[in-house]
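Every value quoted in this text rests on a predicted model; they were computed, and no experiment measured them.
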Amino acid sequence: MKTLIGYARCSTDKQDLAAQHSALVGLGVNPDRIYTDHGLTGTSRARPGLDQALAAVRKGDIFVVPKLDRLARSVPDAREIADSLVSRGVKLALGESIYDPADPMGKMFFNILATFAEFEADLIRMRTREGMAIARSKGKLRGKQPKLSDKQQQELVRMHGTGEYSISSLAELFSVSRPTVYRALARNEQA
């Protein structure tokens, strides 16, 4: 008996998976069989939801994604996943279309979709770099600001020097994490 296994992904925590989830249910995937990755890009291969979905499919099953760009953002990654599924006897459905690697038109269509997904990812990266360069040139992109002001860092170092305060108590007093306290002390030693 074939089972439909669905996979949905969105790149940022601000995006919503509801539309993809609805599309997968509309394609016949049981909601209990939908695996997701939230806030992970398609260029990253380290996606726990995808790994779980790929582990869940068995020979004769159909692996369903609403669109190819939800599965992968590079041609090699898309090819690798598709080839892995086919070699295991699992069909890949891109929306309502079943990918058939034996069909030259289907194979070409798959490669074109994968190329467009990769192209889109490259455009996003390029625009991000350009935006950051413009912001940097205008002095608006300065990196992460320190959690402690110079005065607070000096006081933290002074208090630590007395030997009366532990790292944990300093972190609590200044409302920062322990690593922040360690970094402030390390910066003081380098100065």
Side-chain angles (χ1 to χ4, degrees), residues 1-135 140-141 143-144 177:
M1 186 177 131
K2 71 177 178 186
T3 303
L4 299 177
I5 303 291
Y7 175 69
R9 176 194 62 78
C10 62
S11 303
T12 69
D13 291 329
K14 293 177 183 153
Q15 292 174 320
D16 188 8
L17 288 168
Q20 290 179 61
H21 197 274
S22 279
L24 289 169
V25 169
L27 292 167
V29 180
N30 183 321
D32 295 340
R33 299 271 185 189
I34 296 174
Y35 297 84
T36 61
D37 282 315
H38 202 114
L40 297 172
T41 68
T43 55
S44 168
R45 195 55 182 90
R47 292 178 272 158
L50 177 60
D51 293 340
Q52 291 170 356
L54 293 173
V57 291
R58 304 284 177 253
K59 185 175 185 173
D61 289 350
I62 301 175
F63 188 83
V64 185
V65 290
K67 295 188 297 183
L68 182 60
D69 68 346
R70 300 297 88 202
L71 181 62
R73 283 288 199 165
S74 75
V75 175
D77 193 28
R79 290 253 32 102
E80 181 185 328
I81 294 168
D83 291 346
S84 165
L85 290 169
V86 168
S87 71
R88 292 170 51 197
V90 176
K91 292 185 178 180
L92 173 62
L94 307 171
E96 294 181 5
S97 304
I98 299 286
Y99 165 64
D100 179 7
D103 174 30
M105 288 300 284
K107 195 172 187 177
M108 181 187 74
F109 184 64
F110 179 86
N111 287 330
I112 289 171
L113 288 176
T115 301
F116 275 111
E118 184 172 335
F119 174 66
E120 186 179 12
D122 289 343
L123 280 178
I124 291 168
R125 273 192 295 277
M126 184 181 75
R127 286 187 207 121
T128 301
R129 280 193 300 268
E130 287 173 354
M132 289 173 71
I134 291 167
K140 293 183 179 180
L141 185 67
K144 197 171 182 180
S177 66

Contacts of Ser177 that satisfy side chain to side chain donor-acceptor pair (under 3.5 Å) - sequence neighbours left out: Thr180
message: To check you understand the geometry: which heavy-atom pair defines the closest contact between Ala114 and Leu68, and what is its length?
response: N-CD2, 3.3 Å
- request: Calculate, to the nearest 0.5 Å, the distance between atoms CZ and CG belonging to Arg127 and Asp122 respectively.
  value: 11.0 Å
message: More than 12 heavy atoms of other residues, nucleotides or ligands under 6.0 Å from CE of Met126: yes or no?
response: yes
- request: Check whether any side-chain N or O of Arg33 sits under 3.5 Å from a backbone N or O of Ile5 as a donor-acceptor pair, and report yes or no.
  value: no
query: Quick check: does any side chain N or O of Asp61 sit under 3.5 Å from a backbone N or O of Val90, one acting as donor and the other as acceptor?
result: no
message: Has Ser84 got a side-chain atom pairing as donor or acceptor with Glu80's backbone, closer than 3.5 angstrom?
response: no
message: Within this structure, what is the SG-NE2 distance for the pair Cys10 and His38, rounded to the nearest 0.5 Å?
response: 3.5 Å
- request: Quick one: pull up CG in Leu123 and CD in Glu130 and give me the separation to the nearest 0.5 Å.
  value: 9.5 Å
task: In sequence, state the C-alpha distance, the side-chain angles, and the governing distance for Leu94 and Phe110, and then conclude on side chain to side chain contact (heavy atoms under 4.5 Å, CB included).
output: CA-CA 9 Å; Leu94 307 171; Phe110 179 86; 3.8 Å; yes
- line: For Ala72 and Ala117 the tightest heavy-atom approach is O-CB, 3.7 Å
task: Considering non-hydrogen atoms only, spot the tightest contact between Ala93 and Ile98 and give its length.
output: CB-CD1, 3.7 Å
query: Going by the ring pair (Phe, Tyr, Trp, His ring centres under 6.0 Å) test, which pairs reach into residues 8-31, not counting sequence neighbours?
result: none
Closest heavy-atom pair and its distance - Pro76, Glu118: CD-OE1, 3.9 Å
field: Heavy-atom pair with the smallest gap, counting every atom of Gly95 and Val64
entry: O-CG1, 4.4 Å
task: Quick one: pull up CD1 in Ile81 and CG in Asp77 and give me the separation to the nearest 0.5 Å.
output: 4.0 Å
Compile the donor-acceptor pairs under 3.5 Å between side chains in residues 49-56 and protein atoms, sequence neighbours left out, one pair per line.
none

- prompt: How many angstroms lie between CG in Asp83 and CG in Leu92, if you round to the nearest 0.5 Å?
  reply: 10.5 Å
- prompt: With Glu120, which residues qualify under salt bridge (charged side-chain N to carboxylate O under 4.0 Å, His left out), at least two apart?
  reply: Arg73
query: Is the side chain of Arg88 donor-acceptor paired with the backbone N or O of Val57 at a distance under 3.5 Å, no angle test?
result: yes
message: Using 0.5 Å steps for rounding, measure from the OG atom of Ser22 to the CG atom of Leu17.
response: 11.0 Å
- request: Give every residue pair that meets the side-chain hydrogen bond (donor to acceptor under 3.5 Å, both in side chains) criterion with at least one member in residues 90-103, sequence neighbours excluded.
  value: Arg79-Tyr99
statement: Note: Gly28 and Leu4 closest approach over all heavy atoms is O-CD1, 3.3 Å
query: Does any pair with a residue in residues 50-69 pass ring pair (Phe, Tyr, Trp, His ring centres under 6.0 Å), and if so which ones, sequence neighbours excluded?
result: none
